[in-house]
**Q** 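Here it is, the structure in full.
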Amino acid sequence: ASRAALDVYDFVFVHIKPTDIFSENGDYLRKKDFIEKIDMAIDNLEETGASISITADHATPCKNKDHSADPVPFLIFRPGIKKVDKVEKFSESKCRESGGLGIIEGKDFMKIFLGA
């Protein structure tokens, strides 16, 4: 549905809740499996020509079974965007180790995403 919405709208927001629910239940295996399912579903999304961001609205570590104030990784893909780091795999640890945008406040995300 979100892929079809790109034909009509110039901005589409998709909130995927199951990963948060699995974390709140401490079910790290189902969370991992669902994240892999998301990865497969978005595999060819760049073919739409859309600007794409993948992130979270908050951290929910499975060991806590609750939200936390930990930073969340984010990825921005935009046709023609220049790569600013050496991250080859999107993960919390890879983004923390060598992500090129560092830690930002949520209020600044859209400015960065839109290239403003």
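Quick note: residue numbers are just sequence positions, from 1. Please read these numbers as outputs of a predicted model, since none were measured by experiment.
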**Q** Measure from the side-chain N and O atoms of Asp85 to the backbone N and O of Gly100, and report whether any donor-acceptor pair falls under 3.5 Å.
**A** yes

**Q** With no hydrogens and no angle check, do the side chains of Lys86 and Ser98 hold a donor and an acceptor under 3.5 Å apart?
**A** no

**Q** Specify the closest pair of heavy atoms between Gly102 and Phe74, including all atoms of both residues, with the distance to one decimal.
**A** O-CE2, 4.2 Å

**Q** Roughly how far apart are Ile52 CD1 and Ile42 CD1, rounded to 0.5 Å?
**A** 7.5 Å

**Q** Drop me the distance from Glu92's CD to Glu97's CD, to the nearest 0.5 angstrom.
**A** 11.5 Å

**Q** What I'd like to find out is whether the side chain of Phe109 reaches to under 4.5 Å of the side chain of Leu114, using heavy atoms alone.
**A** no

**Q** Looking at Lys17 and Asp20, is there a salt bridge between them, counting it only when a charged N and a carboxylate O are closer than 4.0 Å?
**A** yes

**Q** Could you check whether atom CD1 of Ile103 has more than 12 heavy atoms from other residues, nucleotides or ligands sitting under 6.0 Å from it?
**A** no

**Q** Kindly compute the distance separating CD1 (Ile38) from CD1 (Ile16), expressed to the nearest 0.5 Å.
**A** 4.0 Å

**Q** Check the hydrophobic clustering (I, L, V, M, F, W, Y; side-chain heavy atoms under 4.5 Å; chains of links allowed) and say if Leu29 and Ile21 are grouped together.
**A** no

**Q** Do Met40 and Val14 share a hydrophobic cluster, counting only Ile, Leu, Val, Met, Phe, Trp and Tyr and linking them when any side-chain heavy atoms are less than 4.5 Å apart?
**A** no

**Q** Rounded to the nearest 0.5 Å, how far does OG of Ser53 lie from CZ of Phe77?
**A** 12.0 Å

**Q** So does Lys89 have more than 12 non-hydrogen atoms from other groups sitting under 6.0 Å from NZ?
**A** no

**Q** Output yes when a side-chain donor or acceptor of Asn25 lies under 3.5 Å from a complementary backbone atom of Asp27, and no otherwise.
**A** no

**Q** Rounded to the nearest 0.5 Å, how far does OG of Ser23 lie from CG of Asp66?
**A** 10.5 Å

**Q** Sub-3.5 Å donor-acceptor pair from the side chain of Thr55 to the main-chain atoms of Pro73, do we have one?
**A** yes

**Q** Check the hydrophobic clustering (I, L, V, M, F, W, Y; side-chain heavy atoms under 4.5 Å; chains of links allowed) and say if Ile104 and Ile76 are grouped together.
**A** yes

**Q** Would you say CG of Asp10 has more than 12 non-hydrogen atoms from neighbouring residues, nucleotides or ligands within 6.0 angstrom?
**A** no

**Q** What residues form a salt bridge (charged side-chain N to carboxylate O under 4.0 Å, His left out) with Lys83, not counting sequence neighbours?
**A** Glu88

**Q** Taking NZ, NE, NH1 and NH2 as the nitrogens, is one of them in Lys32 or Glu36 under 4.0 Å from a carboxylate oxygen of the other?
**A** yes

**Q** Apply ring-ring contact (aromatic ring centres under 6.0 Å, His included) to the pair Tyr28 and Phe22, showing each step before the final yes or no.
**A** CA-CA 7 Å; Tyr28 67 91; Phe22 293 140; over 10 Å; no

**Q** Which atom names give the shortest non-hydrogen contact between Ala56 and Val72, and what distance separates them?
**A** O-CG2, 3.5 Å

**Q** Just do the side chain to side chain contact (heavy atoms under 4.5 Å, CB included) check on Phe113 and Ser51 with the steps written out, would you?
**A** CA-CA 8 Å; Phe113 178 64; Ser51 296; 3.8 Å; yes

**Q** Are the side chains of Lys65 and Thr60 in touch, meaning some heavy atoms are under 4.5 Å apart?
**A** no

**Q** With heavy-atom distances below 4.5 Å as the criterion, would you say the side chains of Phe90 and Ile54 are in contact?
**A** yes

**Q** If hydrophobic clusters are built from ILVMFWY residues whose side chains come within less than 4.5 Å, do Ile112 and Val84 share one?
**A** yes

**Q** Which residue pairs satisfy the side-chain hydrogen bond (donor to acceptor under 3.5 Å, both in side chains) criterion with at least one member in residues 68-78, sequence neighbours excluded?
**A** Ser68-Asp70

**Q** Quick one: pull up OG1 in Thr19 and CD in Glu24 and give me the separation to the nearest 0.5 Å.
**A** 9.5 Å

